[in-house]
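Here is the structure we will look at, set down as structure tokens.
Proteins get letters first, then strands, A, B, ... in listed order; numbering begins at 1 in each. Keep in mind that this is a model prediction, so the values were computed, not measured.
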Protein chains: 2
Amino acid sequence: MENENDFNVETVTQYLSEKRFRELKEAGLHQAPQDLAEILTELEKEDRVLLLRLLPKEKAAETFVELDSDSQADIVEAYNDKELSDILSELYLDDTVDIIEEMPAVLVKRLLRASTPENRAGINRLLGYPKDSAGTIMTPEYVRLKPEMTVAEALAHVRKVAIDKETIYTCYVTADDRTLLGIVTAKALLIADLNARLSDIMLTDVISVNTEEDKEEVAQTLNRYGFLAIPVVDNENRLVGIVTVDDAVDVLSDEAEEDFAKMAAIMPTETPYLKTPTKKLFLARIPWLLILMVSATFSSMILGFFESALPAVLILFVPMLMDTGGNSGGQTSVTVIRGISLGEVEFGDILRVAFKEFRVGLCCGGVLGLVAFGKVLLVDRLLMANPAVTVTVALSVACSMLITVVVAKFIGGMLPICAKKLGFDPAVMASPFITTVVDVLSLLLYFVIASYVFGL
Amino acid sequence: MENENDFNVETVTQYLSEKRFRELKEAGLHQAPQDLAEILTELEKEDRVLLLRLLPKEKAAETFVELDSDSQADIVEAYNDKELSDILSELYLDDTVDIIEEMPAVLVKRLLRASTPENRAGINRLLGYPKDSAGTIMTPEYVRLKPEMTVAEALAHVRKVAIDKETIYTCYVTADDRTLLGIVTAKALLIADLNARLSDIMLTDVISVNTEEDKEEVAQTLNRYGFLAIPVVDNENRLVGIVTVDDAVDVLSDEAEEDFAKMAAIMPTETPYLKTPTKKLFLARIPWLLILMVSATFSSMILGFFESALPAVLILFVPMLMDTGGNSGGQTSVTVIRGISLGEVEFGDILRVAFKEFRVGLCCGGVLGLVAFGKVLLVDRLLMANPAVTVTVALSVACSMLITVVVAKFIGGMLPICAKKLGFDPAVMASPFITTVVDVLSLLLYFVIASYVFGL
């Protein structure tokens with residue numbers, strides 16, 4: 001290919017059909033694995049396998065890791081055992097485990113068979129950790145040093161083992177039983193006197209996480225301290241693995257995208273939007289739409305109960321009340337849900353949240369009630385010349401607005417915290433759910449207040 | 001302090017009041033800067049300055065960087081010029097720029113005065129880049145190597161300059177005019193033969209970004225390729241700085257939190273929820289609530305126009321239609337907004353999005369319409385024994401549901417893309433805004449369809 005930027009789905013397909021394999025291989029060598037993976041995903045299955053076969057072992061393995069699980073499954077199916085073990089020998093164990101977790105059982109067997117006995121044991125150990133725990137995202141391939149080593153010895157050791165380790169930039173100093181004693185960064189090793197002992201230069205205030213800890217908390221801890229890697233220890237403080245920054249970033253962004261989806265009443269999907277088939281989008285969206293639609297029955301009941309007894313003009317302001325209530329509650333619930341996700345809000349803060357939201361609700365509700373009062377009289381009565389819109393009506397709307405907003409903000413703050421406490425996902429308690437709850441409450445409040453104001 | 005875990009706001013305040021400075025200093029040395037910063041933020045202003053003064057220069061600087069901008073301003077105010085230059089000399093330039101950007105003008109002057117002339121020039125250059133560009137988050141403190149160096153020479157150079165560089169793990173090979181030629185990782189340097197030339201071992205397929213590029217795109221590029229740092233070049237491909245992974249992660253998580261806020265119709269604030277005062281929360285939330293509330297006037301107008309002409313029973317299903325329409329549109333808009341934020345959806349995809357959402361809308365609308373038809377007849381007619389709920393009513397509701405969902409999903413997909421094209425923030429086009437638009441449309445559709453069905 002003349003230019004590296006010409007490497008795209010069209011040219012690759014053309015070169016493959018013209019069997020210009022050597023040029024393709026040459027051009028592929030200059031591409032980043034992530035870019036190769038993007039192109040591979042869009043190729044036909046046969047072409048995908050063919051192009052990956054053209055790449056040298058190391059590049060092929062790096063690219064394989066970046067593929068989505070469907071494409072990976074295609075490769076595993078098409079490759080023979082020898083090819084598979086070539087790829088697997090280049091992978092880090094945590095990546096292998098990620099791949100295996102998404103693979104159909106029959107292909108998992110092939111992958112395990114193609115692994116070395118040592119790796120197979122490591123994979124099985126990692127697969128044994130609880131779902132979403134630190135153990136499932138860590139890698140056991142870290143650099144382990146001994147406290148009595150000199151810097152020169154440590155550097156020589158690093159040089160020897162570096163090729164197989166996911167990171168060499170943080171090295172771990174352990175006792176013989178693998179108890180974590182301290183860490184030494186590659187920077188410290190490079191700067192220090194070659195004769196210094198590691199026990200003298202290592203940092204001993206080590207922040208570590210437990211294998212059982214939730215992977216989201218692990219990622220947050222790593223992120224909070226700006227680490228490139230964080231050590232994972234068992235209950236006896238023995239080092240069993242490390243989590244690197246790239247995996248932590250993936251965890252955090254996956255969790256954020258999941259929260260976005262759930263807050264919009266969508267079941268999370270893992271594929272990017274444009275690559276998700278219509279059927280999958282439909283299935284991800286319809287359950288909550290149905291549940292929320294059927295829940296609106298309560299609103300119908302309330303409307304049916306009061307409708308005939310109260311002046312018809314009150315109906316005009318139902319959408320405004322319902323929407324403002326829903327928006328007010330949604331603001332609070334999204335804020336609190338993110339606070340919970342980021343570890344800033346816990347169950348113990350429930351009273352602080354309640355008090356804060358009560359005050360914010362009073363402020364917002366007060367302003368909205370006042371503006372609604374003025375708006376109803378000015379716009380709906382004067383401008384639209386509707387004599388049925390009386391001061392009494394405006395007063396009912398304004399009072400209902402105030403109380404609805406206060407209640408909506410209170411509920412929006414409490415539901416996510418309680419959901420979390422009860423073991424549900426707080427993200428589900430976002431706008432769509434809150435809206436449905438607040439609809440019913442705002443209608444009830446509105447009609448009860450109106451009944452009172454109109455002296456019924 | 002007996003135990004490191006005893007280091008908290010209460011014990012620190014107590015020790016400070018008892019003037020047990022030496023013990024406090026000793027205990028503080030074992031704390032991570034991020035943890036120290038968290039405690040400092042919660043202390044009284046005098047105690048904050050006092051505790052920071054107790055810490056050695058390097059620890060104090062690391063802690064200072066982690067403080068929120070209000071606390072930083074307190075420190076700058078209280079410190080004398082000598083103390084300030086001690087702190088500043090320990091900071092990386094990009095951190096200094098971050099701090100200066102948030103500081104009142106009078107304190108900025110003091111900070112600049114306390115900087116070395118060289119740093120001052122660097123700060124002013126970084127401050128000159130366009131808002132939110134790569135230039136504003138990069139650091140010029142990277143390791144620069146020459147292609148003719150041997151590995152041994154390179155290692156010696158790294159050892160010499162390491163202390164002042166934000167990262168030494170990726171080194172940049174440049175020509176004399178600073179044109180970027182390639183990169184060498186510290187791992188490669190450690191593994192390679194000491195006599196090898198950098199020109200032979202460096203990677204030349206370098207992925208770099210331009211100084212003017214948006215910082216969010218820069219962070220996404222770094223993240224996509226799993227880099228620890230990414231080089232920033234000017235229009236002549238001359239290396240001017242690097243962006244490190246920790247800063248990229250901050251950019252991505254800030255942008256995600258901003259999107260969460262905007263999607264919930266909140267003006268983004270930077271402080272964590274529980275630390276944000278009520279007044280600030282109120283001011284962040286009230287503008288959109290007011291705008292959206294007043295916009296509901298259109299719904300009132302439509303209700304007022306049709307209300308008297310159509311059977312009153314139709315009103316019962318208004319909340320269900322409005323909510324389901326809003327939820328349907330919200331699902332799509334959130335999906336598309338995140339697609340835009342993550343760089344997966346662009347203006348050129350508008351037809352693909354339109355077609356996809358049209359099909360998803362038909363599927364969702366079809367199912368929801370059918371279920372609504374059954375639900376209205378079974379629950380609202382039979383179960384609630386309301387004879388006014390006729391098959392004609394159920395048919396009106398079902399048809400309106402189908403069309404509303406299709407329209408809502410179409411609008412939810414188009415508005416964010418068009419907003420982006422017109423230079424607005426797509427995140428504002430999320431549920432609350434879409435809900436208000438869809439309310440008006442769903443009411444109009446419902447009443448027009450009903451008028452037709454009832455033969456008016």
At a heavy-atom separation under 4.5 Å, does [X] approach chain B through its side chain, its backbone, both, or neither?
| X | answer |
| --- | --- |
| A/E38 | side chain |
| A/P277 | backbone |
| A/N386 | neither |
| A/N223 | side chain |
| A/V360 | both |
| A/K409 | side chain |
| A/A192 | backbone |
| A/L155 | side chain |
| A/K279 | neither |
| A/V353 | both |
| A/T185 | both |

Hey, does [Y] have a side-chain heavy atom less than 4.5 Å from the side chain of [X]?
| X | Y | result |
| --- | --- | --- |
| A/D323 | B/M322 | yes |
| B/Y273 | A/V345 | yes |
| B/L289 | A/Q331 | yes |
| B/V318 | A/V318 | no |

Q | From B/I286 atom CD1 to A/C363 atom SG, the distance as rounded to the nearest 0.5 Å | A | 8.5 Å

Q | Interatomic distance, B/R338 atom CZ to A/I266 atom CD1 [nearest 0.5 angstrom] | A | 12.0 Å

When [options] are compared by non-hydrogen pairs under 4.5 Å with chain B, the top option:
| options | result |
| --- | --- |
| A/A372, A/A186, A/A32 | A/A186 |
| A/R285, A/R359, A/E344 | A/R285 |
| A/L321, A/I337, A/I168, A/V313 | A/I168 |
| A/G339, A/G330, A/A162 | A/A162 |
| A/T167, A/L29, A/I191, A/D246 | A/I191 |
| A/M384, A/R224, A/R352 | A/R224 |

Q: Please lay out, stage by stage, how B/L303 and A/F317 fare under the test side-chain contact (heavy atoms from CB on, under 4.5 Å).
A: CA-CA 9 Å; B/L303 274 171; A/F317 308 107; over 6 Å; no

Q: Check whether any side-chain N or O of B/K356 sits under 3.5 Å from a backbone N or O of A/T276 as a donor-acceptor pair, and report yes or no.
A: yes

Q) What part of B/V245 is in contact with chain A, defined as an atom under 4.5 angstrom from a non-hydrogen atom: side chain, backbone, both or neither? A) side chain

Q) Quick one: what part of B/T244 sits under 4.5 Å from any heavy atom of chain A, side chain, backbone, both or neither? A) neither

Q | Contacts of A/F282 that satisfy ring-ring contact (aromatic ring centres under 6.0 Å, His included) - sequence neighbours left out | A | none

Name the atoms and distances for all side-chain donor-acceptor pairs under 3.5 Å in residues 291-302 of chain B, with sequence neighbours left out.
| residue | atom | partner | partner atom | Å |
| --- | --- | --- | --- | --- |
| B/S295 | OG | B/I291 | O | 2.6 |
| B/T297 | OG1 | A/K375 | NZ | 3.0 |
| B/T297 | OG1 | B/V294 | O | 2.5 |
| B/S300 | OG | A/L316 | O | 3.0 |

